[in-house]
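Numbers for residues simply follow the sequence, beginning at 1. Predicted model only: the values in this text are computed from it and were never measured.
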Amino acid sequence: MSAPIHGNYHGYYIKRPSTHDPRLALLPPSFFANKHVLDIGCNEGWVTCEIAQTRRAAKVVGVDIDETLIRAAWKRRRSVWSAQRPHSSTSESQIPSPPSSNLNSRKKRKRHEEDEQDYEDSSNSGFDSGSGPSSVANYFPASLEHTFGPIPIPPSSSSSSASQTEFPHNILFRTCDWVKEGAFEDKSGYDIVLAFSITKWIHLHGGDEGLLAFFRRVHNVLRRDGKFVLEPQPWEGYTKARKMSPLLQENAKTLKLRPDDFAQALRDIGFSEPQKLGSVGEGGFHRPVDVYTKL
């Protein structure tokens, strides 16, 4: 496997595992509700799927330069869907059953009623499923998918499927070098753009001007008052990354901008002062998350 010189690490979330990404936890629960979101450098789509499933986003687009990671992201979407409690509008007869079962219909019905009661009790106690009253994330054990395979996703045009603004139909992935070419969905604009752990790689490949061009592209695709959520990597982290290839080594010698300069650069482009949400993560992943508003 070639070196991940674009930050396109395979198995990234093995190093940074989490059921709920701590960076998203810094944002208000309603931050993504009914919004159109772009996740740049989405990797295997864990964050993208979390936003689409539990943050009630209307549409989420994940882009990455690595086609293998995008294929994994599509698989992640189906895996997350398989673990989700069925939508309340889905009748019991439409819920796929395992290939074989020794349970009789009475036991099945009793278990279903117990599950419904457990869900109602958790809702009444203040439990927030994140995806509204109709579904619960991580409802089924992962062993079911491993044993029987993922649950098929119904076509969005069917009467029993969720609407286009509900998971899993509110999410899609694209393979592209977004910094240079953008994506088809950009023409509609976004309310929120996420850039988690990617500025270092853009900077090392494109130099100062390449990073500024990236910031300008983000500004262009955001709607008025749109939000740019940025997790900049510290300058110290560039040292190891630039050793991955002679090109990055040479480019690093020309860099004048530092992460501490990003706020001023973004203000010059047309963003607000940053709203600093704090820092989260363990070890080398402990980084700040800032939100900029398009003026």
Side-chain angles (χ1 to χ4, degrees), residues 1 4 8-25 32 37-90 92 94-101 115 118-119 122 127-132 134-158 160-175 185 194 196-197 285:
M1 184 180 295
N8 52 318
Y9 292 101
H10 292 206
Y12 176 78
Y13 288 101
I14 296 175
K15 298 180 180 179
R16 195 172 190 167
S18 60
T19 303
H20 301 290
D21 195 284
R23 295 167 295 186
L24 296 183
F32 295 99
V37 183
L38 174 65
D39 182 13
I40 305 171
C42 67
N43 198 270
E44 295 175 352
W46 285 44
V47 168
T48 328
C49 285
E50 183 177 345
I51 294 170
Q53 184 194 36
T54 69
R55 294 302 185 105
R56 306 191 308 281
K59 182 178 181 180
V60 190
V61 179
V63 298
D64 201 282
I65 200 170
D66 191 317
E67 183 177 357
T68 301
L69 292 178
I70 290 298
R71 288 200 298 269
W74 281 113
K75 291 180 180 178
R76 174 69 181 171
R77 169 182 177 256
R78 191 167 179 181
S79 180
V80 171
W81 163 253
S82 297
Q84 175 177 291
R85 178 183 184 273
H87 195 281
S88 61
S89 63
T90 303
E92 193 170 319
Q94 293 170 322
I95 300 173
S97 300
S100 63
S101 173
D115 288 343
D118 288 343
Y119 175 67
S122 66
F127 172 77
D128 180 11
S129 69
S131 51
S134 59
S135 61
V136 176
N138 302 315
Y139 182 78
F140 294 110
S143 59
L144 287 182
E145 181 187 356
H146 293 313
T147 303
F148 301 111
I151 297 175
I153 294 176
S156 59
S157 58
S158 70
S160 61
S161 69
S163 72
Q164 290 288 342
T165 59
E166 293 179 330
F167 187 79
H169 300 296
N170 63 343
I171 184 173
L172 61 87
F173 297 99
R174 293 277 184 258
T175 303
E185 289 73 21
L194 275 74
F196 282 164
S197 299
F285 294 111

Student: Please test Arg77 against Thr48 for side chain to side chain contact (heavy atoms under 4.5 Å, CB included), starting from the C-alpha separation and ending with a verdict.
Tutor: CA-CA 9 Å; Arg77 169 182 177 256; Thr48 328; over 6 Å; no
Student: How close do Gly45 and Phe173 get, counting heavy atoms only, and between which atoms?
Tutor: CA-CE2, 3.9 Å
Student: Indicate the atoms forming the closest heavy-atom contact of His169 with Pro155, along with that distance.
Tutor: CE1-C, 4.0 Å
Student: Given Leu172 and Glu185, is the side chain to side chain contact (heavy atoms under 4.5 Å, CB included) satisfied, shown in steps?
Tutor: CA-CA 10 Å; Leu172 61 87; Glu185 289 73 21; 3.8 Å; yes
Student: Taking only residues two or more places apart in sequence or in another chain, which ones pass side chain to side chain contact (heavy atoms under 4.5 Å, CB included) with Asn170?
Tutor: Ala52, Phe167
Student: Can any side-chain N or O of Thr54 pair as donor or acceptor with the backbone N or O of Glu50 at less than 3.5 Å?
Tutor: yes
Student: Rounded to the nearest 0.5 Å, how far apart are CZ of Phe196 and CG of Leu24?
Tutor: 5.0 Å
Student: Any heavy-atom pair between the side chains of Val80 and Pro168 that's under 4.5 Å?
Tutor: no
Student: In Å and rounded to the nearest 0.5 Å, what is the CD1 to CD1 distance from Ile40 to Ile65?
Tutor: 12.5 Å
Student: Check Asn43 against Asp64 and note the closest heavy-atom contact, atom names and distance.
Tutor: N-OD2, 2.9 Å
Student: Determine whether Cys42 and Ile70 satisfy the following criterion, side chain to side chain contact (heavy atoms under 4.5 Å, CB included), listing intermediate values before the conclusion.
Tutor: CA-CA 8 Å; Cys42 67; Ile70 290 298; 3.8 Å; yes
Student: Are Asp66 and His10 close enough, and set up right, to give a side chain to side chain contact (heavy atoms under 4.5 Å, CB included), and what steps lead you there?
Tutor: CA-CA 10 Å; Asp66 191 317; His10 292 206; 2.9 Å; yes
Student: With sequence neighbours left out, what residues match Ala57 under side chain to side chain contact (heavy atoms under 4.5 Å, CB included)?
Tutor: Phe32, Val37, Ile51, Val60
Student: To the closest 0.5 Å, what do you measure between CD (Glu44) and SG (Cys49)?
Tutor: 10.5 Å
Student: Quick one: closest heavy-atom pair of Arg78 and Ile153, and the distance?
Tutor: CA-CD1, 4.2 Å
Student: Measuring from Asn8:CG to Leu69:CG, what's the distance to the nearest 0.5 Å?
Tutor: 6.0 Å
Student: How many angstroms lie between CG in Asp21 and CZ in Arg55, if you round to the nearest 0.5 Å?
Tutor: 9.5 Å
